[in-house]
Number of protein chains: 4
Amino acid sequence: MSTQGRKGNTRQRIQDVALGLFSEQGYEKTSLREIAEKLEVTKAALYYHFKTKEDIVISLFQDLSRPIDELIVWAEEQPRSLETKREVIRRYSEALRSAGPFFRFLQENQAAVRDLSIGEGFKERMLTLFGLLNEPESELTDQVRCITALFSMHAGMFAMQNVKGDPEEKRKAILEVATELVTAANPPSRRPARPDSAQTASP
Amino acid sequence: MSTQGRKGNTRQRIQDVALGLFSEQGYEKTSLREIAEKLEVTKAALYYHFKTKEDIVISLFQDLSRPIDELIVWAEEQPRSLETKREVIRRYSEALRSAGPFFRFLQENQAAVRDLSIGEGFKERMLTLFGLLNEPESELTDQVRCITALFSMHAGMFAMQNVKGDPEEKRKAILEVATELVTAANPPSRRPARPDSAQTASP
Amino acid sequence: MSTQGRKGNTRQRIQDVALGLFSEQGYEKTSLREIAEKLEVTKAALYYHFKTKEDIVISLFQDLSRPIDELIVWAEEQPRSLETKREVIRRYSEALRSAGPFFRFLQENQAAVRDLSIGEGFKERMLTLFGLLNEPESELTDQVRCITALFSMHAGMFAMQNVKGDPEEKRKAILEVATELVTAANPPSRRPARPDSAQTASP
Amino acid sequence: MSTQGRKGNTRQRIQDVALGLFSEQGYEKTSLREIAEKLEVTKAALYYHFKTKEDIVISLFQDLSRPIDELIVWAEEQPRSLETKREVIRRYSEALRSAGPFFRFLQENQAAVRDLSIGEGFKERMLTLFGLLNEPESELTDQVRCITALFSMHAGMFAMQNVKGDPEEKRKAILEVATELVTAANPPSRRPARPDSAQTASP
DNA sequence: AATGAATGAGTATTCATTCAT
DNA sequence: GATGAATGAATACTCATTCAT
């Protein structure tokens with residue numbers, strides 16, 4: 001009974017352990033032997049559940065990027081307003097909270113993951129998100145603001161580990177800054193009429 | 001002509017080729033065989049110049065992080081004013097421009113580099129820089145702003161590869177946003193009350 | 001036929017071949033490639049059975065030093081008489097007969113084996129054996145006699161390869177000399193007085 | 001001046017350092033790089049003085065086995081008496097004292113040295129010495145005694161490191177035992193008439 | 001659902017040696 | 001009398017993967 005609950009959920013356990021090790025040590029540095037040992041099964045057992053090492057990452061990606069896919073789907077049927085954009089940011093922040101380790105893994109292993117098949121998948125999703133926040137003809141600085149908003153949410157999570165404070169508080173602070181950036185990137189001039197605004201004069 | 005100028009500069013050539021491959025393919029995926037082949041020397045020749053693979057990275061780090069060390073030294077003897085902070089950002093942006101590929105490499109291979117001896121060195125430098133921009137008792141959001149400013153300059157460089165435009169223009173845009181963030185992170189209320197001045201008052 | 005009987009005994013076959021090569025050519029000069037080739041398996045197969053090259057030696061040591069361990073255990077529960085000591089020598093000679101090549105290997109590769117983990121194990125066993133033969137307060141020459149008795153049994157085996165004659169005869173001759181040495185090292189004066197016995201009379 | 005006396009004696013210094021390392025760590029485990037580093041010269045400098053690594057050992061052998069060669073020459077022109085044999089043993093013991101580390105090296109690296117060209121040279125000298133002590137038609141046990149006498153002098157030196165006591169005292173003890181063995185190996189029955197001898201009782 | 005045994009291709013690293021200067 | 005730069009061949013070891021059972 002020492003290893004109870006070990007019935008039929010091996011696949012899941014592999015994913016858990018693999019994600020743990022991948023994000024702790026990196027993808028290349030984590031060997032299947034290591035994963036197998038930690039699970040107290042043989043390497044061959046992993047191959048019963050996953051065709052290749054890459055397959056494990058793919059399965060993680062599919063499972064963990066679902067919230068983001070849903071976010072994209074949702075956003076695409078909303079009006080393209082500042083409000084929507086802010087909501088995208090908010091929801092994205094929440095999605096990251098649950099899929100934290102996986103995104104840390106992606107962030108820290110970009111080079112390793114680049115030519116795995118999900119490399120593209122990830123990049124594509126990021127670009128789609130970017131497209132949801134950014135107006136194509138916007139100024140360069142505004143584009144930077146949007147990208148920064150997105151990235152700060154990834155990076156922030158672990159870049160702020162040295163900063164003391166409650167993780168949830170930090171997340172909120174990050175969210176606030178990201179929201180500001182997106183707001184600034186979508187100046188009123190571009191938004192449906194706002195009579196008083198200064199800052200512009202575009203016809 | 002193919003092997004001209006091969007005198008005494010082998011060490012340098014190794015560094016160049018290695019940096020190229022490391023940042024293209026990742027640290028772990030780049031083998032010494034590959035580097036040697038590209039240089040048309042034997043693996044053993046690499047070992048004449050560098051004690052280990054890690055040593056190559058270390059040497060790159062030492063060479064390329066000098067501008068940043070200098071920046072830190074400079075900043076530490078400046079008054080702790082907003083102006084200084086803005087200048088730090090500006091100079092950092094320039095430092096990154098020349099050491100671009102190396103910082104891309106560091107960013108994309110964090111997992112791989114983490115337990116190389118430079119892992120710590122890099123983290124430390126980042127924290128020092130952060131300390132230069134951020135006031136310790138500042139609010140969480142302001143801290144986030146500072147971190148984001150820093151990170152956006154790293155990430156920006158290659159996250160904006162899909163955005164069209166002149167690289168130098170992009171760098172300026174990134175710099176602008178980062179400067180804004182730092183400015184916002186240092187609200188006037190926190191700066192030594194200065195009724196009349198134009199930001200001076202240092203004895 | 002060439003690959004018959006190759007089922008489950010690979011580990012054993014590795015040990016056999018390795019011991020053969022180690023004692024023929026020396027530990028350092030024997031590469032895993034060589035062992036693998038002789039066995040017609042890949043190097044990786046060796047690593048399936050043994051974690052390192054050293055591990056092969058360790059396993060040999062454990063298997064082959066068992067008779068000696070048993071001898072030590074046995075001797076320790078015997079009375080500390082001359083008779084026991086003679087029996088120790090006799091049994092040791094027999095133990096060496098079966099583990100001959102391995103002890104030759106140890107003897108001829110002392111430098112190489114010194115900082116392998118068994119180096120200590122071997123030395124320790126020798127010291128224990130020495131302690132079984134020698135009385136701690138005995139004279140220096142008697143101590144030399146005991147050590148010589150022990151060593152002559154190791155060295156003898158292969159130092160006498162140039163001497164013609166049946167190996168078993170040689171072993172008996174070596175045993176005889178070693179027994180003499182131990183007997184001489186334990187003069188009657190030191191042994192618990194035995195009034196009636198012969199064997200005494202030394203002034 | 002810190003490295004004074006470094007003029008023209010490099011060859012000698014190489015030999016010293018090499019012998020030190022060879023006998024400490026073993027022949028195979030000692031690399032030319034190591035020797036060069038300890039001498040603070042380059043590997044290439046070693047090659048100015050010695051054609052190969054083996055050449056260093058050969059030169060050591062030639063220098064250090066001279067006393068033994070002289071001993072052999074001397075012995076060969078003496079009468080083949082017990083007295084001569086005892087003197088051979090005595091002189092050999094003295095020769096070993098000065099060439100201690102080298103003989104330790106030979107003893108502990110037999111496997112490594114076996115197919116170096118000196119391997120034969122050493123073996124040959126040992127056989128010659130053996131021939132000087134042993135009578136060809138003598139009994140097997142007597143042959144063993146002679147071999148043991150010889151070996152005990154080699155082995156004794158470092159096998160007795162754990163035994164406490166003055167090294168010179170130890171050497172004398174070893175010498176005494178070896179002399180005894182040689183004496184016993186040359187029983188009166190074989191020696192020029194000795195009327196009274198008994199010494200035996202074997203049926 | 002999983003294991004035991006093995007492989008092929010690769011890795012970083014080390015070594016004795018060479019040679020033009 | 002020695003160095004700087006390099007090489008060719010080797011070494012121990014690791015990894016993802018396969019497959020019969």
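Order of the sequence lines sets the chain letters (A, B, ...), proteins ahead of strands, with each chain counted from 1. Everything numeric here is computed off the predicted structure, so don't read it as measured data.
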* Take nucleotides 14-21 of chain F nucleotide by nucleotide from the 5' end and write B, S or -, depending on whether a protein heavy atom sits under 4.0 Å from the base, only from the sugar-phosphate, or from neither. => BBBBBB--
* To do: Rounded off to whole Å, could you give me the CZ-to-C1' distance for the B:Arg13 and F:dA5 pair?
  => 13 Å
* State plainly whether the residues B:Glu34 and B:Lys38 are in salt-bridge range, i.e. N to O under 4.0 Å. => no
* Spacing between D:Gln25 atom CD and E:dC15 atom P, to the nearest angstrom -> 10 Å
* Structure fact -> A:Gln12 CD to E:dA1 P, in whole Å, measures 15 Å
* Structure fact -> Side-chain contact check for A:Thr42: nearest option of E:dA2, F:dG1, F:dT7 is E:dA2
* **Stacked cation flag C:Lys53 on C:Tyr27, 6.0 angstrom / 45 deg** => yes
* To do: List the steps and the verdict of salt bridge (Lys or Arg N to Asp or Glu O under 4.0 Å) for C:Arg114 and D:Glu108.
  => CA-CA 10 Å; C:Arg114 187 152 15 181; D:Glu108 297 190 345; 2.8 Å; yes
* Can you check whether C:Phe102 reaches C:Phe22 side chain to side chain, under 4.5 Å on heavy atoms? -> no
* Asked: Do any side-chain nitrogens or oxygens of D:His49 fall under 4.0 Å of OP1 or OP2 in F:dA2?
  -> yes
* Asked: Between C:Thr10 and E:dA6, is there a side-chain N or O to OP1/OP2 distance below 4.0 Å?
  -> yes
* **Value in whole Å for how far the P atom of F:dA5 lies from CG of B:Leu39** => 15 Å
* Describe, in one word, how the ring planes of D:Phe122 and D:His154 are oriented to each other, choosing from parallel (under 30°), tilted (30 to 60°) and perpendicular (over 60°). => tilted
* Asked: Does A:Tyr48 make a side-chain N or O approach to OP1 or OP2 of E:dA1 shorter than 4.0 Å?
  -> yes
* Any side-chain heavy-atom pair of B:Val41 and B:Ile14 under 4.5 Å -> no
* To do: For a side chain to side chain contact (heavy atoms under 4.5 Å, CB included) with A:Thr30, tell me which candidate from A:Leu19, A:Leu21, A:Val17 qualifies.
  => A:Leu21
* Do side-chain atoms of B:Glu54 reach the backbone of B:Ser117 as a donor and acceptor pair under 3.5 angstrom? -> yes
* To do: Measure the distance from CD on C:Glu37 to C1' on E:dT7 and round it to the nearest whole Å.
  => 15 Å
* Asked: Do A:Gln15 and A:Phe50 come within less than 4.5 Å of each other through their side chains, counting heavy atoms only?
  -> yes
* So what's the dot-bracket for DNA chain F: Watson-Crick or G-U pairs under 3.5 Å, [ ] if a pair crosses, | if it pairs off-strand? -> .||||||||||||||||||||
* **Rounded interatomic separation in angstrom, taking CD1 from D:Ile35 and P from E:dT14** => 17 Å
* Between C:Ala45 and A:Ala45, name the one whose nearest nucleotide on DNA chain E is closer to the 5' end. => A:Ala45
